[in-house]
Each structure stands twice: as C-alpha cells, then as structure tokens.
Student: 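Take a look at this one; I'll ask things after.
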Amino acid sequence: MKVYLVGGAVRDKLLGRPILERDYVVVGATIREMLKLGYQQVGKDFPVFLHPQSKDEHALARTERKQGQGYTGFICDFAPTITLEDDLIRRDLTVNAIAEDDQGNLIDPYHGKADLDNKILRHVSDAFSEDPLRILRVARFAARYNHLGFTIAQDTLQLMSNMVAAGELKTLTKERVWMEIEKSLKDGAIHIFTNVLSDLNALSYVTPWQTHWDQNTANTIADQISKLDQNNETYLRSAFSLWQYHSDLNGYDLEQTHKIPKAYADTLRDLQTNLPFLQSVDWHAETVMTILNQLDAWRRPERLSVFINTVRVIDDHCADKAIELNKSYKAASNVKAQEVIELGAQGPEIKKEMDKLKLKRIQSLLDLN
C-alpha cells in the first residue's frame with residue numbers, strides 16, 4: 001500500500017500558491033484494509049476515505065469507463081492492481097495529474113510539470129471528452145491562473161469545442177453549472193471564464209440569459225469587479241450582479257429555471273430595479289425614498305449595503321449617489337415611531353407620518369449637498 005499526494009495540492013505547491021486542501025490516492029489497498037486502518041469511508045460512487053487524524057480525503061486508485069452521456073454514468077474499477085499511472089491518466093489536465101510521494105518526489109508521467117512551467121492548460125488524454133463538466137473546469141482554471149499568464153492548449157480548445165458542438169453541455173444540471181460559476185466568481189476573474197465559454201459558443205448553456213458578450217464588456221466588468229469590497233458573500237453577490245446586470249432578463253426565472261440561489265437573484269433584481277433611479281437626473285428626496293423602500297432598507301439594511309457596494313463601482317456618478325443614498329438612509333433611519341406618536345399620530349397614521357419625517361430629513365441632507 002502506497003499513498004500519494006495528488007491534484008490541486010501538488011499543482012498549487014509547485015506554483016507557490018496556498019494549499020487549501022490535500023487529496024491523496026492510495027495504491028495497492030482494498031476497502032477492508034482501509035477500514036481496518038481506521039479510515040472512515042465517505043464515498044458512494046467509489047471508495048473515498050477520511051484519514052483517522054487529519055481527515056484529509058484518501059481515494060483508492062481507480063480507472064473509469066464511460067457509460068452513456070453526461071458527467072455521470074461512469075463504471076469504476078478500484079482493484080488493488082490499479083497503478084498510479086492508471087489513475088492519473090483519467091484526470092482532466094496534465095497540471096492536475098502530478099503526484100508526490102511521502103519523500104517529496106514527483107511522479108509526473110504526463111508531463112504536467114513542463115506544462116506548469118510553460119503555463120499551459122492541456123488535457124491528459126482523450127478521456128477528457130467523456131466528462132462535459134471539464135469544459136467549465138478548464139474555463140475556470142483559465143480564469144484563475146490568467147494573471148500568471150496561463151493559456152489553454154490549442155488541441156484542448158479544439159476538443160472542448162467538439163464537445164460543445166456535440167451537445168454534451170446539455171447534460172449538466174443547472175445546480176452543477178452554478179457551482180462552477182460561483183467558483184469563478186470567488187476567483188475574481190469571471191470575465192475570463194466567460195470569454196473562454198463565449199469563444200467556444202458555450203455561453204448559452206451556462207448563462208442562457210446572456211445574449212451579448214464582447215471584449216469591451218469583459219474589460220468593463222473586470223474593472224468594476226476589481227473595485228468591489230471583497231467581503232465574502234457580499235462580494236460574490238455584487239460580482240454576480242455586475243456580471244449580469246446589462247443582460248435582458250425578461251421572462252427568465254433565475255431561481256426555478258436556472259437554479260440561481262435566491263440571495264444572488266434578489267441582488268440582481270435590486271440592481272436592475274433601482275439603478276435607473278440612481279442614474280436619473282431627477283435626483284431628489286422622493287427618488288431616494290423610492291429606492292430605500294424598494295430595497296426594504298428599513299427592515300433589511302443588508303440589501304442596501306450590497307446595493308451600495310455594487311453601484312458605487314459602476315461609474316463616478318453612481319459612486320457619488322451611493323454615498324448620498326447611504327447618508328440619507330442613516331438620517332432617515334433615526335426617525336422613531338415615538339416621535340410621531342407624541343405629535344398625535346395614531347394607528348395607520350403612524351407610518352404615514354414617519355415617512356413624511358424621513359422624507360424631510362433626507363431633503364435636508366440633500367440640500368446641504
């Protein structure tokens with residue numbers, strides 16, 4: 001039984017990037033032997049185990065044989081006679097098919113180290129074409145490592161293009177597609193991800209509402225996203241909205257049809273609904289109140305926060321209005337029900353009088369500016 005570090009951990013170690021997780025391949029072992037050693041089995045489709053102490057994933061070396069279309073339906077063989085080379089040849093890219101033994105020696109039968117040095121993303125074998133999810137993964141890696149100068153090998157691009165033309169992307173679930181989109185948003189280069197898919201005529205399979213994409217759009221979105229406050233989910237929601245706000249979404253059900261998480265869909269709707277008010281030359285207290293009310297800022301201030309984080313990077317005008325909107329909210333949110341009750345307001349009149357007072361305070365603030 002031999003254990004090898006594989007995949008992303010080896011790749012990122014060689015690139016000098018932080019290693020976020022470590023995956024291992026075990027050669028020459030059986031399920032029974034792994035369980036006897038205290039490993040916890042967690043894999044359903046093929047044997048994956050958690051190490052007794054580190055909890056790192058350890059998978060038995062395996063081969064896969066395609067059965068049917070799509071990214072599921074593989075028949076796996078994980079017999080102890082499967083070699084490390086047998087396992088590595090089934091991986092997507094050569095840079096992900098490098099292993100390291102417990103002495104730190106590299107096992108690199110498919111020349112992934114050379115491709116890393118030459119900054120090339122290249123498929124390991126023709127088995128790449130059996131998994132359409134790899135089209136999105138390669139686009140994502142191209143985005144993640146674009147700043148390092150990585151490009152996709154021409155023969156790999158051709159293989160991906162053939163897969164798209166064959167309709168392989170149709171077999172992916174919307175949930176799985178979204179996972180790849182979200183990972184690219186986290187990497188901060190969604191425009192490169194989109195460029196790759198656009199060049200492959202694959203964009204409509206990934207974002208069916210995306211009707212136009214050109215380099216000017218890509219450059220604009222890249223510049224805007226780079227200026228966002230990178231605050232986990234707030235950042236991701238803003239980045240998603242900037243990526244999509246210019247598209248025609250009429251008739252699309254983001255959550256049900258395309259399985260976009262509600263928080264992302266709501267953020268995009270907030271941007272599309274309220275950005276025209278922000279950009280209007282008719283900017284007055286009533287406009288500000290309309291935006292705040294539509295964002296339900298009084299009960300859900302986080303929606304306002306995400307909206308402001310998004311619009312402030314669109315242009316200088318929007319940035320100025322975002323500052324005024326935030327100041328107006330702070331001024332108006334200080335209005336308390338007790339103030340109008342003491343002036344004689346009762347029942348339904350309370351909210352009406354509170355709104356009047358909020359409007360007055362917003363107007364006073366705008367007058368100062």
Student: Any link between Leu84 and Leu106 through a network of hydrophobic side chains (Ile, Leu, Val, Met, Phe, Trp, Tyr) touching at under 4.5 Å?
Tutor: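 No, separate clusters.
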Student: Could you check whether any side-chain heavy atom of Asp229 comes within less than 4.5 Å of a side-chain heavy atom of Arg312, counting everything from C-beta outward?
Tutor: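 Yes, close enough: below the 4.5 Å cut-off.
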Student: Please tell me whether Ser238 and Asn309 have a donor and an acceptor in their side chains that are separated by less than 3.5 angstrom.
Tutor: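 Indeed, the side chains of Ser238 and Asn309 share at least one donor-acceptor pair under 3.5 Å.
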Student: Just by distance, do the side chain of Ser364 and the backbone of Lys360 share a donor-acceptor pair under 3.5 Å?
Tutor: yes
Student: Ignoring hydrogens and geometry, is there a side-chain-to-backbone donor-acceptor pair from Thr290 to Glu286 under 3.5 Å?
Tutor: yes
Student: Do Thr94 and His111 get their side chains close enough for a donor-acceptor pair, meaning under 3.5 Å?
Tutor: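 The answer is no; no qualifying pair exists.
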Student: Walk me through it: do Leu136 and Val177 pass the test side-chain contact (heavy atoms from CB on, under 4.5 Å)?
Tutor: CA-CA 8 Å; Leu136 305 188; Val177 169; 4.1 Å; yes
Student: Going by ring pair (Phe, Tyr, Trp, His ring centres under 6.0 Å), name the pairs with one or both residues in residues 259-300, residues two or more places apart or in two chains.
Tutor: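 Only Trp178-Tyr264, Phe240-Tyr264, Trp298-Tyr329 qualify under ring pair (Phe, Tyr, Trp, His ring centres under 6.0 Å).
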Student: Begin with the C-alpha distance, continue with both residues' side-chain angles, and end with the deciding distance and a verdict on ring pair (Phe, Tyr, Trp, His ring centres under 6.0 Å) for His58 and Phe49.
Tutor: CA-CA 5 Å; His58 289 61; Phe49 305 85; 8.8 Å; no
Student: Counting only heavy atoms from other residues, nucleotides and ligands, does the tally under 6.0 Å from NZ of Lys36 exceed 12?
Tutor: no
Student: Tell me whether Lys2 at atom NZ has more than 12 heavy atoms from other residues, nucleotides or ligands lying less than 6.0 Å away.
Tutor: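 Open: at most 12 neighbouring heavy atoms sit under 6.0 Å from NZ of Lys2.
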Student: Could you see if Leu60 belongs to whatever hydrophobic cluster contains Val3? Use Ile, Leu, Val, Met, Phe, Trp, Tyr and a side-chain cutoff under 4.5 Å.
Tutor: yes
Student: When rounded to the nearest 0.5 angstrom, what distance separates CG in Leu197 from CG in Leu169?
Tutor: 8.0 Å
Student: Please determine whether residues Ile98 and Tyr110 belong to a single hydrophobic cluster, defined as Ile, Leu, Val, Met, Phe, Trp and Tyr linked transitively by side-chain heavy-atom distances below 4.5 Å.
Tutor: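 No; tracing contacts between hydrophobic side chains, which count when under 4.5 Å, never links both residues.
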Student: Out of curiosity, Met179 CE to Glu175 CD, how far, rounded to the nearest 0.5 Å?
Tutor: 10.0 Å
Student: Side-chain contact, heavy-atom cut-off 4.5 Å: Met1 with Leu37?
Tutor: yes
Student: Salt-bridge test for Asp92 and Arg137: reply yes if a basic N is under 4.0 Å from a carboxylate O, no otherwise.
Tutor: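 Salt bridge between Asp92 and Arg137, a charged N being under 4.0 Å from a carboxylate O: yes.
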Student: Apply side-chain contact (heavy atoms from CB on, under 4.5 Å) to residues Ile260 and Leu268 and explain how you reach the verdict.
Tutor: CA-CA 11 Å; Ile260 305 301; Leu268 180 55; over 6 Å; no
Student: Can you find a heavy atom in the side chain of Asn162 that is under 4.5 Å from one in the side chain of Ser129?
Tutor: no
Student: Report the C-alpha distance between Leu292 and Lys358 in whole Å, list the side-chain angles of each, state the deciding distance to 0.1 Å, and finish with yes or no for side-chain contact (heavy atoms from CB on, under 4.5 Å).
Tutor: CA-CA 11 Å; Leu292 294 175; Lys358 289 177 181 178; over 6 Å; no
Student: As an exercise, state the distance from CD1 of Ile362 to CG of Asp367, rounded to the nearest 0.5 Å.
Tutor: 12.0 Å
Student: Are Leu278 and Ile314 packed together at the side-chain level, in the sense that at least one heavy-atom pair is separated by less than 4.5 angstrom?
Tutor: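 No, too far: nothing below the 4.5 Å cut-off.
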Student: What's the shortest heavy-atom distance between Thr194 and Trp243, and which atoms?
Tutor: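 Result for this residue pair: OG1-NE1, 3.0 Å.
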Student: Does the distance from a Lys or Arg side-chain N to an Asp or Glu carboxylate O, for Lys352 and Asp355, drop under 4.0 Å?
Tutor: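 Result for this pair is no, no salt bridge flagged.
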Student: Is any side-chain heavy atom of Val206 closer than 4.5 Å to one of Phe193?
Tutor: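 They are in contact (side-chain heavy atoms under 4.5 Å apart), so the answer is yes.
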Student: Does this structure show an ion pair linking Asp187 with Lys183, if we count only N-O contacts that are shorter than 4.0 Å?
Tutor: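 No.
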Student: Do Glu85 and Ile107 have side chains that get closer than 4.5 Å, going by heavy atoms?
Tutor: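 Of all side-chain heavy-atom pairs linking Ile107 with Glu85, at least one is under 4.5 Å.
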Student: Are Val313 and Ile323 connected into the same hydrophobic cluster when the rule is that any two of I, L, V, M, F, W, Y join if their side-chain heavy atoms are below 4.5 Å apart?
Tutor: no
Student: Between the side chain of Thr287 and the main-chain N/O of Asp282, is any donor-acceptor distance below 3.5 Å?
Tutor: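 Yes: the side chain of Thr287 pairs with the backbone of Asp282.
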Student: Please find the pair of heavy atoms, one from Phe128 and one from Ile135, that lie closest to each other, and give the distance.
Tutor: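 Looking at all heavy atoms of both residues, the shortest contact is CZ-N, 4.4 Å.
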Student: With heavy-atom distances below 4.5 Å as the criterion, would you say the side chains of Arg144 and Arg17 are in contact?
Tutor: yes
Student: Take Gln41 and Val48, measure what side-chain contact (heavy atoms from CB on, under 4.5 Å) needs, and give me the verdict at the end.
Tutor: CA-CA 6 Å; Gln41 186 172 353; Val48 176; over 6 Å; no
Student: For Glu21, is the CD atom crowded, meaning more than 12 foreign heavy atoms sit under 6.0 Å from it?
Tutor: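 Result for CD/Glu21: open.
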Student: Compare every heavy atom of Lys336 with every heavy atom of Met354, then report the nearest pair and how far apart it is.
Tutor: CE-C, 4.1 Å
Student: Side chains of Asn105 and Asp101 only: does a donor on one sit below 3.5 Å from an acceptor on the other?
Tutor: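 There is such a pair between these side chains.
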Student: Taking the side chain as every heavy atom from C-beta outward, state whether Phe78 and Thr30 have any pair of such atoms under 4.5 Å apart.
Tutor: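 Side-chain contact under 4.5 Å: no.
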Student: Only one of Thr310, Val306, Leu304 clears side chain to side chain contact (heavy atoms under 4.5 Å, CB included) with Ile308; which?
Tutor: Leu304
Student: What closest approach, in Å, do Arg62 and Asp87 show between heavy atoms, and which atom pair accounts for it?
Tutor: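 Closest heavy-atom pair between Arg62 and Asp87: N-OD2, 3.1 Å.
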Student: Rounded to the nearest 0.5 Å, what's the gap from NZ on Lys174 to CD1 on Ile181? Could you check?
Tutor: 9.0 Å
Student: In Å and rounded to the nearest 0.5 Å, what is the CZ to CG distance from Arg237 to Asp270?
Tutor: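 Going from CZ on Arg237 over to CG on Asp270, the span is 8.5 Å.
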Student: What closest approach, in Å, do Ile89 and Ser125 show between heavy atoms, and which atom pair accounts for it?
Tutor: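 For Ile89 and Ser125, the tightest heavy-atom pair comes out as O-OG, 3.2 Å.
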Student: Rounded to the nearest 0.5 Å, what separates atom CZ in Arg361 from atom CG in Leu366?
Tutor: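 Going from CZ on Arg361 over to CG on Leu366, the span is 14.5 Å.
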Student: Under the 3.5 angstrom rule, does the side chain of Ser184 hit a backbone N or O of Arg140 as a donor-acceptor pair?
Tutor: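 No, Ser184 side chain to Arg140 backbone: no donor-acceptor pair under 3.5 Å.
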Student: Would Asp86 and Arg90 pass as an ion pair if we require N to O under 4.0 Å?
Tutor: no
Student: Lys330 and Asn334: which non-hydrogen atoms are nearest, and at how many Å?
Tutor: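 Heavy-atom minimum between the residues: O-ND2, 3.1 Å.
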Student: Please confirm whether the backbone N or O of Gln294 pairs with a side-chain atom of Arg303, one donor and one acceptor, at under 3.5 Å?
Tutor: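 Such a contact is found between Arg303 side chain and Gln294 backbone.
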Student: Applying salt bridge (charged side-chain N to carboxylate O under 4.0 Å, His left out) as the test, list every pair that has at least one member in residues 102-118; sequence neighbours left out.
Tutor: Lys113-Asp117, Asp115-Arg122
Student: Do Leu121 and Leu159 sit in one hydrophobic cluster, given that two such residues count as connected whenever their side-chain heavy atoms are within less than 4.5 Å of each other, even indirectly?
Tutor: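 Yes, same cluster.
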